[in-house]
There are 2 protein chains.
Amino acid sequence: MTDEEKAKYFQVALCSSLVLFGFDGEELKILVYKKLNDPFKGALVLPGKYIAPTVSNDQAIHELLIEKIAYDEHQTYIEQLKAFTKVFRNPLGRVVNVAYYALVKLTPQIQEKVKSQGGEWYAYDRVPDLAFDHNEIVQYAKERVKRRVKRRPVGFNLLGDEFTIAQLQSLYEKALNRELDKRNFRKKIFNSNLIIETGNTTDPKQHRKVSKLYRFDEEKYEKLSLKGYDFLF
Amino acid sequence: MTDEEKAKYFQVALCSSLVLFGFDGEELKILVYKKLNDPFKGALVLPGKYIAPTVSNDQAIHELLIEKIAYDEHQTYIEQLKAFTKVFRNPLGRVVNVAYYALVKLTPQIQEKVKSQGGEWYAYDRVPDLAFDHNEIVQYAKERVKRRVKRRPVGFNLLGDEFTIAQLQSLYEKALNRELDKRNFRKKIFNSNLIIETGNTTDPKQHRKVSKLYRFDEEKYEKLSLKGYDFLF
DNA sequence: GCAAAAGTGTTCACACTACACCCATGG
DNA sequence: CCATGGGTGTAGTGTGAACACTTTTGC
């Protein structure tokens, strides 16, 4: 490649946006911010950042998650969505957005950190209009999550170490956007053998009736997934 | 963003590589080229090109397909795979590769065009080592195609307007990389109701016994897919 | 005693699997 | 007449969907 060609091609900027899904045991939510500077000052956008040529996208997303929610990387599922590449998606010039999504459990710590950063959570199906092409990114992320949840047990990243079957079901209902039958749900989950009873129960003061707590059997899943096992749903 | 920041960020180059799957009725193949200039002169690579900041990726892929195979865009399935973004994937500098894959039927015209361009087809499971991170891209593409073929009738793009059930089955066997039972295959395909008998048959001179030709019912598929219908397999 | 949430089985329909033989034709 | 490839049916198994009542306990 000649110097001239290099000058022609090497003038694109890179950024990454993140569709962060948080589950608080009740609602599945998406994180957005109000933009503090131009372009689109005041508009709502996904968390994101520009990426210097020397920085990897993974590194950038990692930094973004630290900065915005002080996350625990071992309990967070992250995956690239795809590149959003329209020529005029950003008024500053050609900016390619390599979008990601992540799934986290909403702990009080995260809630606080997000608040201090000016972030706002919106229910999964009530995300307002966003600037740039971020509506499209959110739409794409939702579809991806729906599919993933059906075929891989990614949902467990949205729950704590221990959870009740009811919480798990509620999560699946939110992500799949439809109601599920309690008995069928339990059957399916227990048949998968990927859930282990921990022996603990919920705090009897919080609910009428205590319920058993379970955890996800990661080891067994690793083994199964090596054999090309598909979850279910 | 200050001018300084702009200078810092706007120095990435964009390229797109294409994993082109071709089916000739027998074998499912992938197209590669021998690289004519540095870096990696002489190595095998996927077809691809650098993308100027003013050109969209879709446009670039379109041009690439025209240039390499003179394709018919209405009979070709194209989809973005994802962005490959490693910092040091290209010795020239930071180059983000937004990879695509496409599915085409190998007509004699395409075969000829490819030959004249110096392209070579390799059987799906016998693609040799490629330069850059193209092995990884091919691997990713194969997995994507396998999944797509299971859930959406994309396979039909690899066949002509009319095809026999045997051809269709052979294609599925190649893409899924396993053998299928003839009777079960026919049952599944006909139950989907997405296949229409055209009334024509294969040329009696070519085979011992003529067989019926079918075509894909695109209209019906459009309707079904709006309702969230998943193909099968 | 009642509201709220946990927990539990059965039946039916459908889809997937495995499996073997006859037919038409060209050579 | 035989080699090639097209075409066909059944039985068994497993999975998904629909559906209602009992138990516990805080108030």
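Quick note on labels: first sequence line is chain A, next is B, and so on, each numbered from 1. Any value given below was found using the heavy atoms of this structure, including those in side chains, with hydrogens, waters and symmetry copies removed.
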Could you tell me whether a side-chain N or O of B:Lys212 sits under 3.5 Å from a main-chain N or O of B:Glu197, the two making a donor and an acceptor?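 Not at all, since once roles are kept as given, no pair shorter than 3.5 Å links the two residues.
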In whole angstrom, give the distance that lies between atom [atom1] of [X] and atom [atom2] of [N].
{"X": "B:Asp203", "N": "C:dG26", "atom1": "CG", "atom2": "P", "answer": "11 Å"}
{"X": "B:Ile165", "N": "D:dG6", "atom1": "CD1", "atom2": "C1'", "answer": "11 Å"}
{"X": "A:Ile189", "N": "D:dA17", "atom1": "CD1", "atom2": "P", "answer": "13 Å"}
{"X": "A:Tyr214", "N": "C:dA6", "atom1": "OH", "atom2": "P", "answer": "11 Å"}
{"X": "B:Ile195", "N": "D:dG7", "atom1": "CD1", "atom2": "P", "answer": "13 Å"}
{"X": "A:Asn191", "N": "C:dG9", "atom1": "CG", "atom2": "P", "answer": "13 Å"}

Starting from the 5' end of DNA chain D, give me the residue, A:Lys188 or B:Ser211, whose nearest nucleotide shows up first.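 Nearest nucleotide further toward 5': that of B:Ser211.
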Applying a 4.0 Å non-hydrogen cut-off, can you work out what A:Lys212 is touching in the nucleic acid: base, sugar-phosphate, or nothing? sugar-phosphate
Do the side chain of A:Lys209 and the base of C:dA5 come within less than 3.5 angstrom through a donor-acceptor pair of N or O atoms?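 No such pair is found, so the answer is no.
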Could a donor-acceptor pair under 3.5 angstrom be found where the side chain of B:Lys187 meets the base of D:dT8? no
Hey, what's the ring geometry for A:Tyr124 with A:Phe21, parallel, tilted or perpendicular (30° and 60° as the breaks)?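 Ring orientation of A:Tyr124 relative to A:Phe21: tilted.
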Take the angle between the ring planes of B:Phe216 and B:Phe156 and call it parallel below 30°, perpendicular above 60°, tilted in between.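 It falls in the parallel class, under 30°.
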Output all residues satisfying side-chain hydrogen bond (donor to acceptor under 3.5 Å, both in side chains) with B:Ser56, sequence neighbours left out; order by chain, then residue number. none
Go through the side-chain N and O atoms of A:Asn193 and A:Asp217 and say whether any donor and acceptor fall under 3.5 Å apart. no
Please identify which of these residues, B:Lys29, B:Gln111, B:Lys105, meets the side-chain hydrogen bond (donor to acceptor under 3.5 Å, both in side chains) condition with B:Asp24.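 Going through B:Lys29, B:Gln111, B:Lys105 one by one, the side-chain hydrogen bond (donor to acceptor under 3.5 Å, both in side chains) with B:Asp24 is satisfied by B:Lys29 alone.
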DNA chain C-proximal residues of residues 168-185 of chain B, any heavy atom under 4.0 Å: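 The answer is B:Asp181, B:Arg183, B:Asn184.
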